[in-house]
Amino acid sequence: MKYILVTGGVISGIGKGIIASSVGTILKSCGLHVTAIKIDPYINIDAGTFSPYEHGEVFVLDDGGEVDLDLGNYERFLDIRLTKDNNLTTGKIYQSVINKERKGDYLGKTVQVVPHITDAIQEWVMKQACVSVDDDGVEPQICVIELGGTVGDIESMPFIEAFRQFQFKVKRENFCNIHVSLIPQPSTTGEQKTKPTQNSVRELRGLGLSPDLIMCRCATPVETAVKEKISMFCHVEPTQVICVHDVSSVYKVPLLLEQQGVVSYFCQRLNLPVEMKPRKMLTKWKEMADRSDRLLEHVSIALVGKYTKLSDSYASVIKALEHSALAINHKLQVKYIDSADLEATTLQDEPVKYHEAWQKLCIWSFTHGSFFSHSLSLNCSCHYTRILLVLFFAGVCLGMQLAVCEFARNVLGWEDASSTEFNPESRHPVVIEMPEHNPGQMGGTMRLGKRRTIFKSSSSLLRKLYGNVEYVEERHRHRFEVNPELTHHFEKKGLQFVGQDVEGERMEVIELDDHCYFVGVQYHPEFTSRPIKPSPPYFGLLLAAAGKLQSYLAKGCRLSPRDTYSDRSNNSSPDMEMSELKFPSL
């Protein structure tokens, strides 16, 4: 097993996740099996109770793990399936050590950060690195480990010390450190400054880790003189200073690293068993990168949500939309609209903001004809979903539940129809709580992880988009569900529950009769979307918005050859043959 540790300096949010994912991608393109681990130094057990404004969205894995959004990057770039143990936190480590102490596993010894916490970190990493993440079940050969935060943070000190010891435990030829640092370029002088990187590397070396590669994040390509200066003061060769400047698309980052000889360096440094052969997987990335630069046509989506002030709150949603837009040769435009601005309370408190938000929504939606609902507030949803019925609509999780509430109010005539989450006293509780998933604690108590959805209708639009399959398996994260006792009222009026769980008790997919594209799903399809395998619900929305849905369905759910670069199968092995885009049987 080879271990590649990615650390960061100067500031957080510098792009360590994308760089770690890109390193894994270029190594996987060489025929190697790669896994990834994200270390978050915070004391929380997991990301499940975070506000999206803290660290961005909460990403959900197949096993129900609620984890950092960087694991979403790993899965999308590497096309792998991770587990909750691939996200390591201080809380998890301390919890496991304390549990051992309570059992008497330490035989009366004083439990300390060194060696007990640091040993627990190393054991966790070594154990999880061996867990297969590919469909073929093969044990990984390389583990990319991203350490969150920046060097010098007090929270990350036990992890730095653990890896200082770890490099000797696994031997030098099996351990490599990449340090990601910022090269600021003040507008006053336009000169690229190396001092922050020098200080960051000096501090890292003082803690016992010497970087093998220094990846410089900067606005423009690093000048040769700057590289040589970093090389001289940071004790590395100039070839070990890698420039990762801002690019137009994240798809270009793996190509950027490959062009600067990162693969060759790893082969020499870690003695990797890599054969010199065409890298078909990387060829696809180049096609995607080139295509994203050539796009001329635009497709626009209005996204109404609760956490729109931070785009990372909807990171997977935006990625899923981008994957679908790229597949149909369109450039994506997203218009964020804060659902709170559409509420009646805003009309009273800030009428100007209220009217501006409604004007923005109506003009954007009627101009571009597409609308996406992820986490709306109830009252505004019931106003504008009816207005937008002539357009294209996709509701995810709460977005689907509120579409049901809207239909109940405006079509069934149940004026007080609501979710018990918002109005426990409603006479028409069309959305209710799932008591078995709320035992009194907030963390990890929702209906989480991969669940099977059975299609009940052979004519379902989503079923066709999924490849006319009988069922799909998607990831869930919710505490409330559509009231199954009331569904017959909806179906009589044209709102069909075309997808249900295995027992037929939970409503998973809704579709509106005689509408081009009005769908809602209880699950989160964005979590399984991939650059070369767009998520069908999002793909259908983008096709409808671009005016291509009917022709796509008429052709048997195939795109024209000029739109093709995606993979036909579910195979996630390093070598994937390119073929015509067609959604696989899941």
Side-chain angles (χ1 to χ4, degrees), residues 291 295-303 317 320-335 364-373 385-396 399-400 403 407 453 455-470 472 491 493-499 508-521 525-526 529 532-566 568 579-586:
R291 171 176 292 205
L295 298 179
L296 299 177
E297 296 181 271
H298 290 77
V299 60
S300 303
I301 301 293
L303 192 157
V317 170
L321 291 170
E322 287 177 352
H323 300 162
S324 299
L326 196 57
I328 61 172
N329 268 334
H330 281 61
K331 187 178 288 291
L332 177 69
Q333 287 183 329
V334 177
K335 191 71 171 180
W364 184 268
S365 299
F366 281 102
T367 302
H368 302 289
S370 52
F371 168 69
F372 174 80
S373 156
T385 305
R386 178 68 21 194
I387 293 174
L388 298 175
L389 276 178
V390 296
L391 307 174
F392 313 117
F393 172 87
V396 171
M400 169 187 144
F407 193 89
T453 295
F455 284 111
K456 300 297 183 180
S457 170
S458 59
S459 60
S460 163
L461 175 59
L462 269 189
R463 178 172 180 165
K464 293 176 183 176
L465 290 171
Y466 272 105
N468 204 29
V469 295
E470 294 183 358
V472 294
E491 294 187 325
K493 294 292 186 177
L495 187 67
Q496 305 300 326
F497 296 92
V498 299
E508 296 281 1
V509 181
I510 62 169
E511 292 180 9
L512 190 63
D513 287 344
D514 303 321
H515 194 283
C516 178
Y517 200 82
F518 189 99
V519 303
V521 292
E526 65 269 20
S529 182
I532 56 175
K533 300 174 190 172
S535 169
Y538 290 93
F539 188 62
L541 177 66
L542 269 293
L543 283 170
K548 296 184 176 184
L549 180 59
Q550 295 308 315
S551 62
Y552 177 77
L553 295 172
K555 293 177 182 177
C557 293
R558 290 177 179 271
L559 290 174
S560 62
R562 74 183 186 89
D563 288 331
T564 297
Y565 64 83
S566 292
R568 179 189 297 273
S579 59
E580 187 175 6
L581 171 63
K582 183 181 170 91
F583 288 110
S585 297
L586 302 180

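Note: hydrogens, waters and symmetry copies are ignored here, and every other heavy atom, side chains too, is used. Along the sequence shown, residues are numbered consecutively beginning with 1.
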Atom CG in Asn468, atom CZ in Phe455: separation rounded to 0.5 Å?
9.5 Å

Could you tell me the separation between the CG atom of Leu542 and the NE2 atom of His323, rounded to the nearest 0.5 Å?
11.5 Å

Say whether, by atom type as modelled, one donor and one acceptor occur between the side chain of [X] and the main chain of [Y] under 3.5 angstrom.
X: Glu511; Y: Leu462; result: yes
X: Lys548; Y: Ile328; result: yes
X: Ser324; Y: Ala320; result: yes
X: Glu491; Y: Phe497; result: yes

How close do [X] and [Y] get, heavy atom to heavy atom, and via which atoms?
X: Ser300; Y: Gln333; result: OG-OE1, 3.0 Å
X: Ala544; Y: Phe392; result: O-CE1, 3.1 Å
X: Glu508; Y: Met400; result: O-SD, 3.7 Å
X: Tyr538; Y: Pro525; result: CE1-CG, 3.4 Å
X: Val299; Y: Ala545; result: CG2-CB, 3.6 Å

Sorted by chain and residue number, the side chain to side chain donor-acceptor pair (under 3.5 Å) partners of Ser459 (sequence neighbours excluded) come out as Ser457

Taking only residues two or more places apart in sequence, or in another chain, which ones meet Ser551 in a side chain to side chain donor-acceptor pair (under 3.5 Å)?
none

Evaluate Tyr517 against Leu549 for side chain to side chain contact (heavy atoms under 4.5 Å, CB included), listing each step before the verdict.
CA-CA 9 Å; Tyr517 200 82; Leu549 180 59; 3.8 Å; yes

Is the closest side-chain heavy-atom distance between [X] and [Y] below 4.5 Å?
X: Gln550; Y: Cys516; result: yes
X: Tyr466; Y: Pro537; result: yes
X: Ile510; Y: Val521; result: no
X: Ile301; Y: Leu541; result: yes
X: Asp513; Y: Leu495; result: no
X: Val317; Y: Val396; result: no

Check: Glu297/Asn329 side-chain N/O donor and acceptor closer than 3.5 Å:
no

Relative to the ring of Phe539, is the ring of Tyr552 parallel (under 30°), tilted (30 to 60°) or perpendicular (over 60°)?
perpendicular

Would Phe407 and Leu512 satisfy side chain to side chain contact (heavy atoms under 4.5 Å, CB included), going step by step from the backbone distance to the final call?
CA-CA 10 Å; Phe407 193 89; Leu512 190 63; 3.7 Å; yes

For Glu526 and Ser535: C-alpha separation, side-chain torsions, deciding distance, then whether side chain to side chain donor-acceptor pair (under 3.5 Å) applies.
CA-CA 6 Å; Glu526 65 269 20; Ser535 169; over 6 Å; no

Quick one, Glu470 with Arg463, criterion side chain to side chain contact (heavy atoms under 4.5 Å, CB included). Give me CA distance, side-chain angles, the key distance, then yes/no.
CA-CA 8 Å; Glu470 294 183 358; Arg463 178 172 180 165; 3.8 Å; yes

Quick one: do Leu461 and Leu553 satisfy side chain to side chain contact (heavy atoms under 4.5 Å, CB included)? Show the steps, please.
CA-CA 9 Å; Leu461 175 59; Leu553 295 172; 3.5 Å; yes

